[in-house]
Amino acid sequence: MTGTIVIAATPTPNGDLHVGHLAGPYLAGDVHARYLRADGRPVTYATCTDDSQSYMISTARKHGTTPAELCATSTARIQRSIEAMGVSLAPLPPVDDVYRRTVLDFVTALHEAGRFELRTVRMPYAGNAGTYLFDGLVKGECPACLTESCGGSCEGCGHPNHFDDLGDPRSVLDPGDPVTSREVDVLVLPLENHRRELTAYYTAREGGWRRHSAQLIREILARPLPEIPITVPSPGWGIDAPFAETPGQILYPWIEAMPASIYSTWKAAGEPEGPVDELWRAGSGNRLVYFHGFDNVYFWGMVDLVMLLAHGDRYITPDVNVCNEFYELENEKFSTSRNHLIRGADLVAEVPRDLVRFYLALTCPEDQRANFTREGLDKVTDRRLREPWNALAARVEAAVTDPGEELKVTDAGRRRAAVMVERFRLCYDLATFSLTRAADGIVTQLGRLLTAEHAETGDLLLQVRTLLACAAPILIDVAAEAEAAGVELTLDTGAETIDAFLLPRLPGSPR
Ligand SMILES: [Zn+2]
């Protein structure tokens, strides 16, 4: 395959995906992948559950279960939500022996190439439990913005923190457990060793990042770059590190993301013969794109990049990271712990999926925080999408006397259809990717087509068919219905004639 590999941030299987997740990387990646497919360009859209994360331990403890059990139930739920929302990701691959071998091969090659260094570091240590704390096991004051943060990176400002960077650290598993700091030898990868390649990479892609993410990268680059842990003392969960220098330690969970993505790409491509990482090799001709949230800019935008760059010229690197901001629910943060959330599967059980996808596309947080409200979903989809769409369907019905009849299209009709495609391509191509503008484009074109005069019925139909094709990456069910009725959803607008068809109507929510 030579095409595009689209990777959505790897979900931690410590709960279901909620609407905030779906409106972030998963729907955006889906829309881009569907657009590429419709354009005849090969695409693999994949992700993989992030099973080794320390958050598995803290969430399992809270629910009185084990990380392994939590992992199994959550993975099934995540898969169900992805399918319910019509996100065209390859099935979540099993985290099995092939997965682990892919991870170990990836890190062992870096170890053999001398990329890691042994460091004596100080880490927070929970005295009663007798465990070192990192990532989801510890909370404290973020050194960059002074808000409460977990280890690893700060959800608020996005800055990294490792080892003993957090102020006033507390144990998440047992806040009463006295936390001190202790020395321990771990393997690290000093990002500073890769500053030149990093800087060259970002310079070459200036303008490719959304503004807030670009700012965070500039801020991190302006400081001494962190040393990322490659191994950490085992909390009893994760992949055992295979290195003699660090007995009893696991691989730092975040460094699994690249081999996990390589593995999930291979699974999604149908397990082709040859090495698992073949599709990610520099000579493959494949293009790589990530979709993730702002809170992952440090890991997905910098750490994971260095994990690839550290292999020399072996791997492709992402062309673009499309990053979203936070989505709020009724003006509050989505919160799994407070059960203040809406699961994707629950929502599409109540509201037709196309309407949900349209609303999430229209309101998703591209450049700043955005807000989901259930009332807004009903109101906006009714007024701006369903009513004009169904009115247009009625207009088409009135104009078409004989479905299947060949109708003439004029130059003016072809020109307008071509302009529509050009507008939508701007929304779906990565340099200018925007779900909100695509959704708004549907509304705008609907309004125009409802009232515009056309010299020939064929002109109206060509533009309606073009609107269907341009909206298809978002409105997947109505597009499938039209296709099943024989409408060819093409972005080619050069037709001399068009076969008359009827526009399928959008269903309402049964409230
Ligand atoms: Zn912070």
With no hydrogens and no angle check, is any side-chain donor or acceptor of T246 less than 3.5 Å from a backbone partner on T231?
no

Check whether the ring centres of Y428 and H32 lie less than 6.0 Å apart, and answer yes or no.
no

Under the criterion side-chain contact (heavy atoms from CB on, under 4.5 Å), I'd like the reasoning laid out for L251 against L104: C-alpha separation, chi angles, the key distance, then a yes or no.
CA-CA 9 Å; L251 295 174; L104 291 173; 4.1 Å; yes

Derivation and outcome, side chain to side chain donor-acceptor pair (under 3.5 Å), residues T432 and R437:
CA-CA 10 Å; T432 44; R437 284 195 290 278; over 6 Å; no

With distance as the sole test, does W266 use its side chain to make a donor-acceptor pair with the main-chain N or O of P272 at under 3.5 Å?
yes

CA sep, side-chain torsions, deciding dist, call: D96, Y263, side-chain contact (heavy atoms from CB on, under 4.5 Å)
CA-CA 10 Å; D96 58 9; Y263 163 76; 3.1 Å; yes

Provide the closest heavy-atom pair for I78 versus T12 in the form atom of the first, atom of the second, distance.
CD1-O, 4.1 Å

Salt-bridge contact E192-R195 (side-chain N to carboxylate O under 4.0 Å)
yes

Side chains of R115 and H194 in contact at under 4.5 Å (non-hydrogen atoms):
yes

Correct closest heavy-atom pair for G151 and Y55 would be O-OH, 4.1 Å

In this structure, CG of L347 is separated from CG of L355 (nearest 0.5 Å) by 10.0 Å

Would you please test T4 and R287 for side chain to side chain donor-acceptor pair (under 3.5 Å) and show each step?
CA-CA 5 Å; T4 306; R287 182 172 192 234; 4.7 Å; no

Please round to the nearest 0.5 Å and tell me the distance separating atom NE2 of H159 and atom CZ of R223.
4.5 Å

Looking at R218 and E206, does any basic side-chain N land under 4.0 Å from a carboxylate oxygen?
no

Considering all heavy atoms, the nearest L305-Y202 contact:
CD2-OH, 4.0 Å

Could you check T120 against E183 for side chain to side chain donor-acceptor pair (under 3.5 Å), going step by step and ending with a plain yes or no?
CA-CA 6 Å; T120 303; E183 283 192 345; 5.7 Å; no

Let me see the working for D240 and Q249 under side chain to side chain donor-acceptor pair (under 3.5 Å), right down to the final yes or no.
CA-CA 6 Å; D240 290 336; Q249 299 195 2; over 6 Å; no

Taking the six-membered ring for Trp and the full ring for Phe, Tyr or His, determine whether the centres of F291 and F433 are under 6.0 Å apart.
yes

Keeping the roles fixed (side chain from S234, backbone from G248), state whether a donor-acceptor pair exists under 3.5 Å.
no

Please say whether more than 12 non-hydrogen atoms of neighbouring residues, nucleotides or ligands are located less than 6.0 Å from NZ in K139.
no

Could you please spell out the steps behind the side-chain contact (heavy atoms from CB on, under 4.5 Å) verdict for D51 and V95?
CA-CA 8 Å; D51 294 12; V95 174; 3.3 Å; yes

Is the gap between the ring centers of W280 and Y315 under 6.0 Å?
no

Say whether, by atom type as modelled, one donor and one acceptor occur between the side chain of S264 and the main chain of S261 under 3.5 angstrom.
yes

Does R61, at its CZ atom, have more than 12 non-hydrogen atoms belonging to other residues, nucleotides or ligands within less than 6.0 Å?
no

Should the pair R41-D429 be classified as a salt bridge under the 4.0 Å nitrogen-to-oxygen rule?
yes

Applying the side chain to side chain donor-acceptor pair (under 3.5 Å) test to E325, which of Q368, R369, H212, R210 qualifies?
H212

Sidechain-backbone polar pair: D174 side chain, G176 backbone, donor-acceptor under 3.5 Å:
yes

4.5 Å side-chain heavy-atom contact, F134 and M123
yes

Are F299 and H292 an aromatic pair by the rule of ring centers under 6.0 Å?
no

Distance from L216 atom CG to C157 atom SG, nearest 0.5 Å?
7.5 Å

Got a sec: does the CZ of R77 have more than 12 other heavy atoms crowding it under 6.0 Å?
no

Under the salt bridge (charged side-chain N to carboxylate O under 4.0 Å, His left out) rule, what do E366 and R211 come out as? Steps first, then yes or no, please.
CA-CA 10 Å; E366 293 185 340; R211 210 167 53 179; over 6 Å; no

Between H111 and F243 (judged by ring centroids, cut-off 6.0 Å), do the two rings come close enough to count as a pair?
yes

Shortest non-hydrogen pair, R425 vs Y35, comes out as NH1-OH, 2.8 Å

Salt bridge flag under 4.0 Å for residues R357 and D30
yes

Is there a donor-acceptor pair under 3.5 Å between the side chain of D177 and the backbone N or O of N128?
yes

Check the pair Y327 / H18 against ring-ring contact (aromatic ring centres under 6.0 Å, His included), numbers first and verdict last.
CA-CA 10 Å; Y327 204 36; H18 56 62; 9.2 Å; no

Within the structure provided, determine whether D16 and S74 are in side-chain contact (heavy-atom separation under 4.5 Å).
no

Quick one: are V289 and I5 in side-chain contact, heavy atoms under 4.5 Å?
no

Find out whether Q53 and P13 are in side-chain contact, i.e. whether some heavy atom of one side chain is under 4.5 Å from a heavy atom of the other.
no

Under the side-chain contact (heavy atoms from CB on, under 4.5 Å) test against L288, which residue among T265, I7, V6, T317 passes?
I7

Looking only at the aromatic ring of each residue, does the gap between the centers of Y359 and F372 stay below 6.0 angstrom?
yes

Show, in sequence, the C-alpha distance, side-chain angles and deciding distance for V19 and L360, and conclude whether the side-chain contact (heavy atoms from CB on, under 4.5 Å) test is met.
CA-CA 8 Å; V19 168; L360 296 186; 3.5 Å; yes

Side chains of P124 and S181: does their closest heavy-atom pair fall under 4.5 Å?
no

So does R281 get a backbone contact from the side chain of S284, meaning a donor-acceptor N/O pair under 3.5 Å?
yes

Side-chain heavy-atom pair F326, P365 within 4.5 angstrom cut-off:
no

Sidechain-backbone polar pair: Y26 side chain, A9 backbone, donor-acceptor under 3.5 Å
yes

Test your reading of the model: is there a side-chain donor-acceptor pair from S54 to the backbone of G136, 3.5 Å cut-off?
yes

Could you grab the distance from atom CG of L27 to atom CD1 of I82, nearest 0.5 Å is fine?
12.0 Å

Can you tell if the side chain of V138 reaches within under 4.5 Å of the side chain of R170, non-hydrogen atoms only?
no

Look at E155 together with K333 and state whether they make a salt bridge at an N to O cut-off of under 4.0 Å.
yes

Ring centroid separation for Y298 and H162, is it under 6.0 angstrom?
yes

Residues N161 and C150: closest non-hydrogen pair is ND2-O, 3.1 Å

For the student: nearest non-hydrogen atoms of N371 and T373, plus distance
ND2-CG2, 3.4 Å

Is there a donor-acceptor contact under 3.5 Å from the side chain of T47 to the main chain of A8?
yes

